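To start, the structure under review is shown below, and the notes come after it.
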Amino acid sequence: MKCKPLAVMATVLLVSACTPRVEVALPNEPININLNVKIQHEIYIRVDKQLDELFSDASGLF
């Protein structure tokens with residue numbers, strides 16, 4: 001019966017040694033996010049003269 005308390009103590013020590021530890025801390029330096037983004041766009045609008053006249057204010061369509 002003497003080894004039973006010893007086994008219990010050994011189990012307690014092993015289990016307590018395996019407890020996870022989570023630490024949340026602020027960083028010492030600020031977080032820098034560098035975004036090198038190049039946005040290029042080209043818009044081509046081609047309108048026929050007939051369509052331009054259709055949508056003009058004088059046509060009365062709108």
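In this chain, residues are counted from 1 in sequence order. Keep in mind that what you see is a predicted model, and the values were worked out from it rather than measured.
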side-chain hydrogen bond (donor to acceptor under 3.5 Å, both in side chains) contacts in which one or both residues fall within residues 24-37, not counting sequence neighbours: none

Which residues share a side-chain contact (heavy atoms from CB on, under 4.5 Å) with Val37, sequence neighbours left out: Leu35, Ile39

Qualifying residues under side-chain hydrogen bond (donor to acceptor under 3.5 Å, both in side chains), relative to Gln40, sequence neighbours excluded: none

